[in-house]
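Read the numbers this way: they start at 1 and go in the same order the structure lists the ligands and their atoms. By convention here, the first residue in the shown sequence is residue 1.
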Amino acid sequence: MDNDFLKNLDTSQVREMVDSMYSKEFPAGSLVVREGEAGVHLFVSAEGDFEVIKDRKVLGHMGPGKAFGELAILYNCTRTASIRAVTESKVWMLHRKVFQQIMMRTGLQRLQDNIHFLKSVPLLQNLSNDVLAKIADVLEVEFYPAGAYIIRQGASGDSFFIISSGSVKVTQRVPGKF
Ligand code: CMP
């Protein structure tokens with residue numbers, strides 16, 4: 001429940017994940033996840049101390065009860081960081097196929113669909129997966145009937161819009177003209 005993505009699962013999905021996980025032990029100093037590799041498993045730390053390493057820099061430490069390795073599984077990208085067992089450690093592992101089957105039945109699927117959609121927007125293409133995931137999480141769908149205004153010139157702006165389907169006309173009132 002500490003993990004931003006996994007906390008969206010409902011109780012039955014968490015139970016399914018727990019039932020499908022198996023444990024593995026890692027000796028002190030070994031890599032659980034290697035940056036740049038393809039992701040096959042999602043992990044939850046059970047015992048020991050873990051380091052998050054990116055570009056040879058230690059970004060932080062994790063103790064037991066933390067989920068990691070979800071990014072490569074969710075976004076089909078390579079591992080964004082390495083995870084090293086600092087002490088002799090134990091983790092719970094879930095294969096990506098099982099994770100994805102469970103996800104198919106959850107709101108995480110909607111999140112993934114939103115991320116996929118956002119990645120197709122040229123303006124957002126240079127954003128990192130983390131940023132896209134945050135935007136995808138708060139994305140709201142609005143419907144507008146034909147002829148309705150989405151934005152009025154001069155009104156204060158507190159949202160930005162991405163066209164999902166349909167088309168819009170952009171007009172601007174030029175001072176001095178009707
Ligand atoms: P993934 O990219 O699959 O594999 C490495 C994991 O490290 C990643 O998923 C996240 O779970 C975790 N991770 C990546 N960046 C950070 C960070 N800055 N702080 C903590 N954990 C991270």
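- The protein residues lying under 4.0 angstrom from ligand 1, judged by non-hydrogen atoms, are Val33, Val52, Leu59, Phe68, Gly69, Glu70, Leu71, Ala72, Arg79, Thr80, Ala81, Ile83.
- Taking NE2 of His95 as the start and CG of Leu42 as the end, the distance is 11.5 Å to the nearest 0.5 Å.
- For Asp49, the side chain to side chain donor-acceptor pair (under 3.5 Å) partners two or more places apart in sequence, or in a different chain, are His61.
- In this structure His116 satisfies the side chain to side chain donor-acceptor pair (under 3.5 Å) test with no other residue, sequence neighbours excluded.
- Between Lys134 and Asn129, the side chains place no donor N or O within less than 3.5 Å of an acceptor N or O (distance only, hydrogens not considered).
- Under the 6.0 Å distance and 45° angle rule, Arg152 counts as a cation-pi partner of Tyr149.
- Under the salt bridge (Lys or Arg N to Asp or Glu O under 4.0 Å) criterion, Glu51 pairs with Arg84, sequence neighbours left out.
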